[in-house]
Chemist: 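Before I ask anything, let me first share the structure, which is written out below as structure tokens.
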2 protein chains.
Amino acid sequence: MSDERRKFTRESAEQRKLDLIEATLELVAEKGVRGATVRGIADRAQVTQGLIRHYFSSKEDLITAAFEHHMTQMTDLTFAPVTQVQGSAREQLRVFVRSSLMPPVVDPRSIALWAGFLNKVQHDAQMKDVHAKTYVHFRDQLEGLIRAALEEADMPTEPEQLYRLATACNGLIDGLWMEGGALPEAFAPGELSQIGLYSVGAIIGLSLVD
Amino acid sequence: MSDERRKFTRESAEQRKLDLIEATLELVAEKGVRGATVRGIADRAQVTQGLIRHYFSSKEDLITAAFEHHMTQMTDLTFAPVTQVQGSAREQLRVFVRSSLMPPVVDPRSIALWAGFLNKVQHDAQMKDVHAKTYVHFRDQLEGLIRAALEEADMPTEPEQLYRLATACNGLIDGLWMEGGALPEAFAPGELSQIGLYSVGAIIGLSLVD
DNA sequence: GAGGCAATTATTCAAGTGTATAATTAGGTC
DNA sequence: GACCTAATTATACACTTGAATAATTGCCTC
């Protein structure tokens, strides 16, 4: 019959896994890890629940894969703007701070995912490792940008002091990121970036505002 | 018979509610809201599950009560040290920043609770309201301390600028608080407080380090 | 275009979930 | 010391959960 529909179409393993991971992230953001049920995920990805077990050995496995995918994505999103800047070290630092405090990095969904995964992160060794590595990477990149900007301005800094500056700026950015995502209506567009630039500049003693 | 044990003992409504709320908070911190089941909560509080319905109209109701209890407790914990200081405005600000970045305010459990409740906060109007009010209260108190310290130092500041300073310091404290709770082993005791004092001082232009 | 096999769906299962209702019993009152 | 009522336990129910297995079926190969 001409109106007979395929009951399903086959997809490549990569595509199907990606579909399942993205559906998982949506649901984790909405309801947390325990609220992201295999049936809910399958529905969201428009497949039946049995397929999940075909691609992932367990729900745990899928959750871990989704977490790693998300962390990689966030890292890429955060550092992409900087790699496209050819300007001075100060300009690179400015771009980094600004883009870290704007959409799409600042986003209620990101916060919801961070919160949704935290329990797992605190209990699962593998996820804890990924989380710590991502944090250290972010902090180290920031420290490198700060060091370059200070050297460029003829303000060489002791390693220990540099560590403190980077930790402080990292905390500031994370805190503003969190507040921007948790209370989106509390800040005007660009406000967080402005506050971030001013404050990072104040902390490191090198103004980042024009 | 002399060895016959009471099958249960009656408690006042306040005590039982508090027991249930504390058991709830423990489980939310450990497993999130959905992982805090009525049976698990009842076990933890050493009662049977039916009793929960006797004191709370639903699990939802208990969760909300636990959240409000926790937020009140955190607020008290945060502001108690300041109220016991009679020193200068600068000294009060120092105490506030320092104690906000030390145990028991900085604590993995607090972060876990924050994360565990976030989903509910984002979806439940009542909880969103409590959350926003707590945030605003914290920010306003901080702004007041900053204003007083700056006035005391003969550095009067425009309201708009003051708002920006308070938001930045608030973000900094929240970010360091989050990192201290999420990565406890990454910071030595007192390290976060030291970094916080230095950075808040840098942001507001009034050193808080001796 | 016929096989064949892996991708996908369909069904089943035991355990856990919140809620509702019935059955006990502790502990104050007279 | 016998009520007697509210606190507490005990039991039941309908539904959801992750996982396991069986049954289909799309699509590539020859």
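The sequence lines fix the lettering, A, B, ..., with proteins before strands; numbering per chain opens at 1.
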Chemist: Using heavy atoms and a sub-4.0 Å distance, could you list which residues of residues 52-65 of chain B are near DNA chain C? By number, please.
Modeler: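 Within this stretch, B/Arg53, B/Ser58, B/Lys59 sit under 4.0 Å of the strand.
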Chemist: Among residues two or more places apart or on two chains, list those pairs meeting salt bridge (Lys or Arg N to Asp or Glu O under 4.0 Å) that have a residue in residues 59-68 of chain B.
Modeler: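 Listed once each, the pairs are B/Glu60-B/Lys120.
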Chemist: Could you note down all residue pairs passing salt bridge (Lys or Arg N to Asp or Glu O under 4.0 Å) where residues 178-204 of chain A supplies at least one of them, sequence neighbours left out?
Modeler: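 Checked against salt bridge (Lys or Arg N to Asp or Glu O under 4.0 Å) - neighbours excluded - no pair reaches residues 178-204 of chain A.
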Chemist: Which residue pairs satisfy the salt bridge (Lys or Arg N to Asp or Glu O under 4.0 Å) criterion with at least one member in residues 77-93 of chain A, sequence neighbours excluded?
Modeler: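 Applying salt bridge (Lys or Arg N to Asp or Glu O under 4.0 Å) to every pair that reaches into residues 77-93 of chain A, excluding sequence neighbours, yields A/Glu91-A/Arg94.
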Chemist: Nearest to the side chain of B/Val47 - D/dT9, C/dG27, D/dT11?
Modeler: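 Looking only at heavy atoms from C-beta outward on B/Val47, the closest nucleotide is D/dT9.
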Chemist: Return the orientation label for the B/Phe138 and B/Phe96 ring planes: parallel under 30°, perpendicular over 60°, tilted otherwise.
Modeler: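 Ring orientation of B/Phe138 relative to B/Phe96: tilted.
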Chemist: Do the charged groups of B/Lys133 and B/Asp129 touch, with an N to O distance under 4.0 Å?
Modeler: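 Answer for the salt bridge query: yes.
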Chemist: Considering only side-chain heavy atoms of B/Leu51, which listed nucleotide, C/dT11, D/dA12, D/dT8, is closest?
Modeler: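 The answer is D/dT8, which lies nearest to the side chain.
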Chemist: Go through it in stages, so that I can follow the logic: the residues are B/Arg139 and B/Thr167, the test is side-chain hydrogen bond (donor to acceptor under 3.5 Å, both in side chains), and I'd like the CA-CA distance, side-chain angles, deciding distance and then a yes or no.
Modeler: CA-CA 7 Å; B/Arg139 218 207 61 89; B/Thr167 302; 3.1 Å; yes
Chemist: Would you jot down, in residue-number order, the residues of residues 10-46 of chain A having a non-hydrogen atom under 4.0 Å from DNA chain C?
Modeler: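 Output list: A/Arg10, A/Glu11, A/Arg16.
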Chemist: Please report whether the ring centroid of B/Phe67 lies less than 6.0 Å from that of B/His131.
Modeler: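 They do not qualify: ring centres at least 6.0 Å apart.
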Chemist: Per the salt bridge (Lys or Arg N to Asp or Glu O under 4.0 Å) rule, what does the pair list look like for residues 21-37 of chain A, sequence neighbours excluded?
Modeler: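 Found A/Glu26-A/Arg44, A/Glu30-A/Arg44.
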